[in-house]
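Report on one structure; see the data block that follows.
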Amino acid sequence: MPIAAKARQAMQSQSWIRQMFELGLQLRAQYGAENVFDLSLGNPVLEPPEAFRRELRRLADDPSLGTHRYMPNAGYMETRQAVADRLKRDLALPFTGEHVVMTVGAGGALNVVLKALLDPGDEVLALAPYFPEYVGYADNHGGVARIVPSGEAFQPDVEALERAVTPRTKALILNSPNNPSGAVYSDDALRGVARMLANAEKRLGHPVYLVSDEPYAGLVYDGLRLPRPLLCHSASIIVTSYSKDLSLAGERIGYLAVRPDCPDAQELVNACIWANRVLGFVNAPALMQRVVRALQDARVDVAWYQRQRDKLYNGLRGMGYSLHKPQGAFYAFPRSPVPDDVGFVKELLEERVIVTPGVGFGAPGYFRISYSVEERVLDGALDGFAKVAKKHGLG
Ligand code: PLP
């Protein structure tokens with residue numbers, strides 16, 4: 001066999017998101033794209049803001065020489081400094097460009113941080129429902145993801161986290177606003193997490209790092225102020241990107257930022273810079289680093305996502321589905337009306353509505369809806385949800 005056993009095994013147990021994507025292609029071929037309502041992908045549907053196009057055009061005409069060459073592995077200092085200035089303003093912590101490393105999206109940042117932190121067998125805690133790539137990302141660097149169920153309304157269950165700590169616990173990944181639940185972690189929940197991490201560090205005698213995965217930090221609704229995980233623990237690192245709030249997912253641009261008073265902050269940043277190089281990223285895309293430098297305050301139209309959220313939430317509630325109102329990101333995570341979420345997702349497929357079963361996120365009995373879709377697609381999907389709700393006597 002030419003390929004590694006691990007790769008073969010991973011390909012056989014293909015992710016649910018990928019399986020739903022392929023089913024979507026089949027349904028489109030069969031019924032025509034306009035008759036398929038695909039809510040399975042977390043792909044930003046809005047175009048980037050006009051400020052992005054303006055800056056891109058300006059930079060394309062910039063006569064400076066050498067702008068497409070290699071650069072330091074951490075990225076352009078001017079961009080790192082622009083990110084640090086924004087973080088300093090938002091978090092009131094003394095960030096400088098030296099605390100920031102530009103990365104190939106949030107996915108790249110997560111891999112860089114985990115490579116810098118993990119020794120073989122080290123454990124990374126994450127809360128279910130979770131972004132499924134966490135498991136593979138921890139494994140990439142010899143680590144093990146330990147999945148802990150969330151508590152009420154998908155908030156962190158602090159006691160369950162406490163119980164999951166072992167001498168090998170190295171980090172906790174938090175993701176708020178959350179994919180797939182749309183939950184925003186409350187101040188109260190984060191205070192609980194802070195206590196749990198402080199206790200764990202005391203018991204273990206080494207730092208337990210909080211990795212705050214926050215690519216949806218710009219997508220928060222109803223005027224809510226986003227409680228910031230980084231503020232609750234010194235040994236903390238932000239990993240994020242411009243994929244969602246600027247709709248630049250395909251451009252692969254993001255960053256990591258180490259909290260200035262993190263133990264051994266400089267050594268950790270240096271380890272991340274090394275990881276960025278040896279993982280083969282080398283540096284984040286040069287042109288995109290120059291573009292986002294000037295766009296620290298730009299956003300897509302968040303009100304549009306909120307209107308989609310409202311239409312979906314009110315629609316599903318009216319039909320009798322049970323779900324928490326998403327407060328951020330662009331997902332909803334309703335309870336499946338029957339315990340078998342995969343079976344329920346298949347019923348929706350008969351109405352040409354594609355969603356992802358909760359089992360794919362470590363939470364069977366639920367299903368994930370992405371409302372980052374054209375309005376026509378959401379309207380068509382709501383008709384399908386209504387038909388299936390009637391079949392189950394909801395409402
Ligand atoms: N983390 C979460 C929770 C995500 O949902 C995603 C993408 O969907 C990522 C990380 C990866 O983001 P990026 O496209 O910036 O690599």
Side-chain angles (χ1 to χ4, degrees), residues 15-17 20 39-44 106 110 125-135 145 147-158 160-161 164 172-190 192-193 211-222 224 226-229 239-240 243-245 302 305-306 308-317 321-337 339 341-342 344-345 348 355-373 378 381 385:
S15 89
W16 276 102
I17 298 176
M20 299 321 288
L39 313 179
S40 67
L41 287 182
N43 209 357
L110 277 160
L125 299 174
L127 288 159
Y130 61 93
F131 178 53
E133 303 291 4
Y134 291 155
V135 175
I147 305 299
V148 178
S150 295
E152 178 55 28
F154 304 118
Q155 294 289 315
D157 179 339
V158 174
L161 282 172
L172 162 67
I173 303 178
L174 286 190
N175 169 224
S176 171
N178 186 265
N179 173 11
S181 71
V184 166
Y185 295 162
S186 67
D187 284 312
D188 214 32
L190 292 181
V193 170
V211 179
S212 179
D213 178 24
E214 42 188 77
Y216 302 95
L219 303 184
V220 174
Y221 309 124
D222 306 320
L224 194 74
L226 178 70
R228 304 297 296 259
V239 295
T240 191
S243 295
K244 311 294 155 69
D245 57 6
V302 179
Y305 280 123
Q306 185 173 321
Q308 294 278 97
R309 189 272 319 248
D310 288 343
K311 184 191 272 187
L312 176 69
Y313 174 75
N314 294 332
L316 291 180
R317 285 301 290 249
Y321 286 94
S322 158
L323 73 161
H324 291 283
K325 191 173 197 172
Q327 296 173 294
F330 42 54
Y331 309 100
F333 204 59
R335 191 181 278 285
S336 163
D341 50 317
V342 174
F344 183 71
V345 163
L348 286 169
V355 299
T356 314
V359 65
F361 306 93
Y366 293 85
F367 60 99
R368 188 189 76 167
I369 297 172
S370 164
Y371 52 86
S372 177
V373 293
L378 190 56
F385 282 123

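In what follows, residues are counted from 1 in the order of the sequence shown.
In this model, no donor atom of one side chain and acceptor atom of the other lie less than 3.5 Å apart for Gln327 and Asp222.
Within the 3.5 Å criterion, the main-chain N or O of Ser40 finds a donor-acceptor partner in the side chain of Arg368. Between the side chain of Ser372 and the main chain of Asn43, a donor-acceptor pair closer than 3.5 Å is present. Listed for the Arg317 side chain is a donor-acceptor partner under 3.5 Å among the backbone atoms of Leu323.
Counting heavy atoms from C-beta on, the side chains of Glu214 and Pro229 come closer than 4.5 Å. At a threshold of 4.5 Å between non-hydrogen side-chain atoms, the residues Asn175 and Tyr130 do not count as touching. Pro129 places a side-chain heavy atom less than 4.5 Å from the side chain of Ser150. Considering only heavy atoms from C-beta on, His324 stays 4.5 Å or farther from Ser181 through its side chain. Looking only at side-chain heavy atoms (C-beta outward), Tyr221 and Pro177 stay at 4.5 Å or farther from each other. The side-chain heavy atoms of Leu41 and Ser370, taken from C-beta on, include no pair separated by under 4.5 Å. When side chains are defined from C-beta on, Asn178 counts as touching Pro180, because their heavy atoms get closer than 4.5 Å. Side-chain atoms of Val345 and Met20, non-hydrogen and from C-beta on, do get closer than 4.5 Å to each other.
Each of Ile173, Leu174, Leu161 was scored for a side-chain contact (heavy atoms from CB on, under 4.5 Å) with Leu125, with one residue passing: Leu161. Among Leu348, Val359, Asp341, the single residue meeting the side-chain contact (heavy atoms from CB on, under 4.5 Å) criterion with Ser336 is Asp341.
Expressed to the nearest 0.5 Å, how far OH of Tyr331 lies from CG of Leu39 amounts to 12.0 Å. Rounding to the nearest 0.5 Å places OH of Tyr185 at 9.0 Å from CG of Leu190. Between atom CG of residue Asn179 and atom NZ of residue Lys244 there is a gap of 7.0 Å, rounded to the nearest 0.5 Å. In this structure, the separation between CG on Asp213 and CG on Leu110 is 4.5 Å, given to the nearest 0.5 Å. Note that OH of Tyr134 is 12.0 Å distant from CZ of Phe361, once rounded to the nearest 0.5 Å.
The two residues Pro326 and Tyr313 make their nearest non-hydrogen contact at CD-CD1, 4.3 Å. Considering every non-hydrogen atom in both Val373 and Gln308, the closest pair reads O-NE2, 2.8 Å. Taking all atoms of both residues into account, the shortest heavy-atom contact from Ile147 to Val135 is CD1-CG2, 4.4 Å. Contact detail for Leu316 and Pro334: the closest heavy-atom pair is CD1-CG, 4.0 Å. The minimum heavy-atom distance linking Pro156 with Ala189 is given by the pair CD-CB, 3.7 Å. Ala183 approaches Gln155 most closely through the heavy-atom pair CB-NE2, 4.4 Å.
Lys325 is linked by a side-chain hydrogen bond (donor to acceptor under 3.5 Å, both in side chains) to nothing, counting only residues two or more places apart in sequence or in another chain.
Using cut-offs of 30° and 60° on the angle between ring planes, the pair Phe333 and Tyr366 is parallel. Taking the six-membered ring for Trp and thresholds of 30 and 60 degrees, Phe344 and Phe367 have ring planes inclined between 30 and 60 degrees apart.
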